[in-house]
Amino acid sequence: MKLIIQIPCLNERDHITATFADLPRRIDGIDTIETLVIDDGSTDDTSQVAEALGVHHIVRFPENRGLAAAYTAGLDASFRLGADIVVNTDADNQYKGADIARLVAPLVAGRADMTVGDRNTDAQPHFSFMKRLLQRWGSAAVRRASGTNVRDSTSGFRALGRKALTQLFVHNQFSYTLEQIIQAGQLGLTIVNVDIRTNPKTRESRLFRSIPQYLSRNGPVILRAYSMYHPGRTFGLVATLLLVFGLSLMGRFGYYYLQNPDLSSHMQSLQVAVGAVILSFIVILMTFMAELMATNRRLCEEIMVRTRRIDQQLAAVQRAADQPVDGVHSTGAQPWITKGA
C-alpha cells in the first residue's frame, strides 16, 4: 500500500524544513511513503529547499492560484502517481507528523474512506473566543448539510483512500475543507474523526485575515455545496416563503376590502402580494431547472470518475516506462520503504 503525504506551500521556505523532518518514515500497514509539495506560486525558493530536503515530487504553479486549487492539484497528482492513500498536512508544521499514523489507520483497516483530524478547537490556547464560536457554528452547519458527524470541519489534516480520491471534486476557489466534507457525506462515503495534536503556532493564517472575511467566504461555500446536491430543498424553501408572504398580504387586503368595498385602501398590500406570488412561481421554475442541472452534474461527475481511472492507468504505464508523470517533477529521491522494516 502506497501513501503520499502532500504539502501545499506558499512561501514556506522558513517552515518546510521542520515540517518535512517531522514526517514519519514508517507506518504500520503502509509499504511505501512518498512526499509531494505543491508550490502555489511561491516567490521565495520553497521548491528548491523542498528538493534539497529530499521531497519525492513537486508540482509548481507559476502564479498563486489559492489553497483549493493547490490541494486539488495535489490529489490529482497523487492519484496519477499511484497513491492508495493521500494525507494532506500544512506546510507551517501545525500538525504533528507522528499523528499521520493515527490518521491512516482507519483507512488501512478498511473502516473508512476518509479521515479528518480533530484538533479539539475548544482547547486550543491560540484560538480566540470568537474563533472557537465560529468553529462550533461552522462544524455544526457542515454536519447538518453533509449528514456526517465530523467534529472539526475546517481541519486541513485529513486522509483520503482511493474511493474518495476518485469521487471527490472541489468546485470553489477559496478552501477545500467544508465543501469536501459536504460532498463526501452526500456521496455516502464513510468519514471517521481522529483525535490529533498540534504544534505551537508559528504564523498567522493566510487563508483569511479577519472574522468577517471568514464568514463572507465560508458561508456561501456551505450554501453552494449543499444546494448543488439538494436544489429542490434550497429553492423550494425560498418559493414557499414568498408564496406564504404573498398570500398573507392578499388575505390582509381581502379582509379590509370586505369590511368596506367602496373604500380602495391597502392597495400597496395587493401590489406587493402579487409581486411575491409571481416571484414564487419564478423560483419554482428555477427549482425544476436546478434539479435538471443537478442530474446533469451527477452524470458529469460519473464521467470524471471514469476519466480519472483511465488517467491513472495511463500514468501507471508512464511510470513503468520510467517516463515522468505530466505536470509532476519527480526529484529522484528514493521512496521510504517501510514493508518489512
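Source: prediction; values computed, not measured.
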Value rounded to 0.5 Å, distance of [atom1] in [X] from [atom2] in [Y]:
X: Ile33; Y: Ile5; atom1: CD1; atom2: CD1; answer: 5.5 Å
X: Ile182; Y: Leu168; atom1: CD1; atom2: CG; answer: 12.0 Å
X: Ser330; Y: Leu81; atom1: OG; atom2: CG; answer: 6.0 Å
X: Asp31; Y: Ile337; atom1: CG; atom2: CD1; answer: 8.5 Å
X: Met286; Y: Phe235; atom1: CE; atom2: CZ; answer: 5.0 Å
X: His329; Y: His57; atom1: NE2; atom2: NE2; answer: 10.5 Å

Side-chain heavy atoms under 4.5 angstrom apart, residues restricted to Ile, Leu, Val, Met, Phe, Trp, Tyr: same cluster for [X] and [Y]?
X: Val170; Y: Leu75; answer: yes
X: Ile38; Y: Ile100; answer: no
X: Val328; Y: Leu160; answer: no
X: Ile278; Y: Ile284; answer: yes
X: Ile4; Y: Tyr176; answer: no

Exam field: side chain [X] to backbone [Y], donor-acceptor pair closer than 3.5 Å:
X: Asn199; Y: Asn93; result: yes
X: Thr190; Y: Asp113; result: no
X: Arg143; Y: Val150; result: yes
X: Asp22; Y: Gly97; result: yes
X: Asn88; Y: Phe157; result: no
X: Asp118; Y: Asn120; result: yes
X: Thr32; Y: Trp336; result: no
X: Gln183; Y: Ser146; result: no

Practice item. May I ask you to establish whether Arg25 and Phe20 are in a cation-pi arrangement, using a distance under 6.0 Å from NZ or CZ to the six-membered ring centre and at most 45° from the ring axis? Key: yes
Handout entry: Lys/Arg cation over aromatic Phe79: Arg309, 6.0 Å, 45° cone
Key = no
Hits for side-chain hydrogen bond (donor to acceptor under 3.5 Å, both in side chains) against Asp44, two or more places apart or cross-chain, chain-then-number order -> Thr46
Across all chains, not counting sequence neighbours, the side-chain hydrogen bond (donor to acceptor under 3.5 Å, both in side chains) partners of Thr295 are Arg298
Are any non-hydrogen side-chain atoms of [X] and [Y] less than 4.5 angstrom apart?
X: Met114; Y: Val192; value: no
X: Leu270; Y: Leu249; value: no
X: Val194; Y: Val116; value: no
X: Tyr256; Y: Ser269; value: no
X: Asn296; Y: Leu292; value: no
X: Ile310; Y: Leu314; value: yes
X: Arg319; Y: Gln323; value: no
X: Glu12; Y: Ile7; value: no

One pair to check against side-chain contact (heavy atoms from CB on, under 4.5 Å): Asp40 and Leu67. What are the steps and the verdict? CA-CA 8 Å; Asp40 189 18; Leu67 178 59; 5.9 Å; no
List the atom of [X], the atom of [Y], and the distance in Å for their closest heavy-atom pair.
X: Ala50; Y: Val37; answer: CB-CG2, 4.1 Å
X: Ser280; Y: Val277; answer: OG-O, 2.5 Å
X: His15; Y: Asp92; answer: CB-CA, 3.9 Å
X: Asp90; Y: Thr19; answer: O-CG2, 3.6 Å
X: Thr148; Y: Gly185; answer: CG2-CA, 3.6 Å
X: Ile58; Y: Ser47; answer: CD1-O, 3.6 Å

Quick one about [Y] and [X] (side-chain donor to acceptor, distance below 3.5 Å, no hydrogens or angles considered), yes or no?
X: Tyr71; Y: Gln180; value: yes
X: Gln94; Y: Arg119; value: yes
X: Arg308; Y: Thr166; value: no

Could you tell me whether [X] and [Y] have a side-chain N and a carboxylate O separated by less than 4.0 Å?
X: Asp195; Y: Arg197; value: no
X: Asp152; Y: Arg158; value: no
X: Asp99; Y: Lys96; value: no

Residues at least two apart in sequence or cross-chain that pass side chain to side chain contact (heavy atoms under 4.5 Å, CB included) with Ala333, listed by chain then number, are His56, Thr331
Should Leu242 and Val283 be marked as a side-chain contact (heavy atoms from CB on, under 4.5 Å) after you check the CA-CA gap, both sets of side-chain angles, and the distance that decides it? CA-CA 9 Å; Leu242 285 170; Val283 174; 4.0 Å; yes
Any pair with a residue in [range] that passes salt bridge (charged side-chain N to carboxylate O under 4.0 Å, His left out), sequence neighbours left out, goes on the list, sorted by first then second residue, please.
range: residues 173-184; answer: none
range: residues 54-67; answer: Asp39-Arg60
range: residues 75-84; answer: Asp76-Arg80, Arg80-Asp311, Asp84-Arg162

The test is side-chain contact (heavy atoms from CB on, under 4.5 Å); show your working for Thr177 and Ile181 and say whether it passes.
CA-CA 7 Å; Thr177 54; Ile181 292 172; 5.8 Å; no
Would you say CZ of Phe61 has more than 12 non-hydrogen atoms from neighbouring residues, nucleotides or ligands within 6.0 angstrom? yes
Exercise. Starting from the C-alpha separation in whole Å, work towards a yes-or-no answer on side-chain contact (heavy atoms from CB on, under 4.5 Å) for Leu3 and Ile27.
Key: CA-CA 9 Å; Leu3 166 67; Ile27 297 176; 3.7 Å; yes
